[in-house]
Protein chains: 2
Amino acid sequence: MSTSPPSGAYHHGDLHRALLEAAARLLIANGAAALTLREVARAAGVSHNAPYRHFASRQALLAELATEGFDRLRRRLDDVAPLTEERVRALGRAYLRFAVEERPYFLLMFGGEIEKSAFPALANAALTAYAILEGAVEAEGGRDPGEALRAWALVHGLAHLVVERQIPPEAAFAALG
Amino acid sequence: MSTSPPSGAYHHGDLHRALLEAAARLLIANGAAALTLREVARAAGVSHNAPYRHFASRQALLAELATEGFDRLRRRLDDVAPLTEERVRALGRAYLRFAVEERPYFLLMFGGEIEKSAFPALANAALTAYAILEGAVEAEGGRDPGEALRAWALVHGLAHLVVERQIPPEAAFAALG
DNA sequence: ACCTGAACACCGTTCAAGT
DNA sequence: ACCTGAACACCGTTCAAGT
């Protein structure tokens, strides 16, 4: 009925989205290191180089997945009620919960496999998510600018240690109080 | 003069060591993701599958490099003087300095590319390094066991954010005070 | 024992066609 | 425009020989 199909449309619908969804399933199943472009194409039912119509490279596809991860993290942080009291701790718990529940995304986002500077949208999504944490710490009477960074680093450190299986999730949640 | 050559000796000397040294150079030059076994073999001047005499797999070689990384980290922490005062902060600075100066190792050690549980020597080296931090925090009047974990997580979080280029090294050092 | 060459089943990426 | 098949230059890993 609409006069023009959505951009990126192909005979199956929206290949760009279909590829991303297939990639997300593979990421969750096997992790980023095992994610191959050819398998993504197979899962989407297209030839092994059809993805190049939509992604410049394997790195670019991973960067889009990581960007999606930061968007999800941001959404979780946005959902934390602005109690002003306890808000920083609640944000910390939300960050930790994201790491535990979306481990493959967290590992991709911080795993060092993607050079963020090469993908502006990714760098931007990361900054947007962090801004929420910074804002909350500053609002909570943080005069020292280093305090926001310490709060973020503490939560990020706990999350990363959990995701790397160096400490159990319960210990991390307990450490947050 | 000795009756037997060192185990693992071959016509060039010690291939195991030669392969590890070549791998370390490649790790530092290009990162773990780009490290291929075949290139390691070429750099060591042997055929592309000679490494299988010394390492069960590419993962196993990376695990040995990561173990070496944790040993280096431990040595740095061992070097921190036991001032009891200020000791925790000094250990934090040493940890951060390691992350900055040995970035490729740090990324490999915490990059999620190696499943630590599959390599006991690696898991052990990691625990040994952490025990130093825990001991210092506990010695410094830490009644709360969560305090040691928070101290470690803060330092680790700062180090990881630096290595991931999310914050500049100076900011991390400043946050440690 | 230690090393080699050939082989297998993959990759990411490129290119010349096809519709 | 979008997709395909063939091709290039690689991988990790295995195997049957060679010394």
Side-chain angles (χ1 to χ4, degrees), chain A residues 2-23 25-27 29-66 108 111 113-115 118-119, chain B residues 2-23 25-27 29-66 108 111 113-115 118-119:
Chain A
S2 63
T3 50
S4 67
S7 84
Y10 83 128
H11 63 281
H12 286 131
D14 185 345
L15 182 55
H16 188 91
R17 179 186 300 274
L19 289 168
L20 273 180
E21 282 169 3
R25 276 192 296 274
L26 291 171
L27 172 70
N30 311 314
L35 190 153
T36 74
L37 224 37
R38 290 169 96 113
E39 195 173 357
V40 170
R42 278 193 296 271
V46 291
S47 76
H48 67 266
N49 61 14
Y52 285 95
R53 296 286 134 198
H54 300 276
F55 304 94
S57 65
R58 175 180 177 276
Q59 274 275 311
L61 191 159
L62 288 177
E64 279 204 35
L65 281 181
L108 176 64
E113 191 142 10
I114 309 170
E115 185 59 52
F119 301 97
Chain B
S2 63
T3 51
S4 68
S7 82
Y10 83 127
H11 63 283
H12 286 131
D14 185 346
L15 182 54
H16 188 92
R17 179 186 300 274
L19 289 167
L20 274 179
E21 282 169 4
R25 275 191 296 273
L26 291 171
L27 172 69
N30 311 314
L35 190 153
T36 75
L37 223 37
R38 292 170 95 113
E39 195 173 358
V40 170
R42 278 193 295 271
V46 292
S47 77
H48 66 267
N49 61 12
Y52 285 95
R53 295 286 134 197
H54 301 276
F55 304 93
S57 65
R58 176 179 176 276
Q59 275 275 312
L61 191 159
L62 288 177
E64 279 205 35
L65 281 181
L108 175 64
E113 191 142 9
I114 309 169
E115 185 59 52
F119 301 96

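A note on names: the letters A, B, ... follow the listed sequences, proteins ahead of strands, and every chain is numbered from 1.
Between atom CD of residue B/Glu64 and atom NE2 of residue B/His54 there is a gap of 11.0 Å, rounded to the nearest 0.5 Å. We find the CG-CZ distance between B/Leu19 and B/Arg53 to be 12.5 Å, quoted to the nearest 0.5 Å. If you take CZ on B/Arg42 and OG on B/Ser47, they are separated by 11.5 Å, rounding to the nearest 0.5 Å. A distance of 7.5 Å separates CG in B/Leu65 from CD1 in B/Ile114, rounded to the nearest 0.5 Å. Between atom CG of residue B/Leu61 and atom CG of residue B/Leu20 there is a gap of 5.5 Å, rounded to the nearest 0.5 Å.
In this structure, D/dG18 forms a base pair with C/dC2, meeting either the Watson-Crick or the G-U wobble geometry with both donor-acceptor distances under 3.5 Å. Across all strands shown, nothing is found opposite C/dC11 as a Watson-Crick or G-U wobble partner with both distances under 3.5 Å.
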* **Worked verdict on A/Glu39 versus A/Leu35 for side chain to side chain contact (heavy atoms under 4.5 Å, CB included)** => CA-CA 7 Å; A/Glu39 195 173 357; A/Leu35 190 153; over 6 Å; no
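For the pair B/His16 NE2 and C/dC3 P, the interatomic distance rounds to 13 Å; values are reported in whole Å.
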* Structure fact -> Its contact letters, B for base, S for sugar-phosphate only and - for none at protein heavy atoms under 4.0 Å, make nucleotides 12-19 of chain D read BBBB----
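Between C/dC10 and A/Arg42, no contact under 4.0 Å exists linking OP1 or OP2 to a side-chain N or O.
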